[in-house]
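Have a look at the structure below, then the notes.
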Amino acid sequence: MFTLACKDLGTPECGYIAKEDDSEKAVHTMLRHAQETHADKLEELSRKMNEKEIFELMLSKVRKEP
Ligand SMILES: [Zn+2]
C-alpha cells in the first residue's frame, strides 16, 4: 500500500490521505483531490513548477506502508 498525505504537501489543515496499491496512482489520486479541494494552492504551485516537477514532488512524499 502506498500513501500520500495531503498535509505533507503544504496543507496542514487537511486530513486527506490518498491510498493506492501503486505510488504513481497515489499521486494521480492526490492530484484529483488537489484539483477539487485546493485548486488555488495547485494554481499557485503551477506558477512555480511544471506538471512533471509537481508530479515528482508528490511522488517524493509517497510513503510505502506494509
Ligand atoms: Zn487536501
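Every number for a ligand or one of its atoms is a count from 1 in the order of the listing.
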Side chains of M30 and H33 in contact at under 4.5 Å (non-hydrogen atoms): yes
Lys/Arg N to Asp/Glu carboxylate O, E43 vs R47, below 4.0 Å: yes
By salt bridge (charged side-chain N to carboxylate O under 4.0 Å, His left out) - contacts of D8 (at least two apart): R63
Polar protein atoms (N, O or S) that approach the Zn ion (ligand 1) to under 2.8 Å: C6 SG, C14 SG, H33 NE2, H38 NE2
Note, L4 side chain near T29 side chain (heavy atom, < 4.5 Å): no
Side chain to side chain contact (heavy atoms under 4.5 Å, CB included) partners of K41, counting only residues at least two apart: T11, E13, H38
Check residues 50-59 and write down every donor-acceptor pair under 3.5 Å in which the side-chain atom is one partner and the other belongs to a residue at least two apart or another chain.
| from | atom 1 | to | atom 2 | distance (Å) |
| --- | --- | --- | --- | --- |
| N50 | OD1 | K52 | N | 3.1 |
| N50 | OD1 | E53 | N | 2.8 |
| K52 | NZ | E56 | OE2 | 3.0 |
| E53 | OE1 | N50 | N | 2.9 |

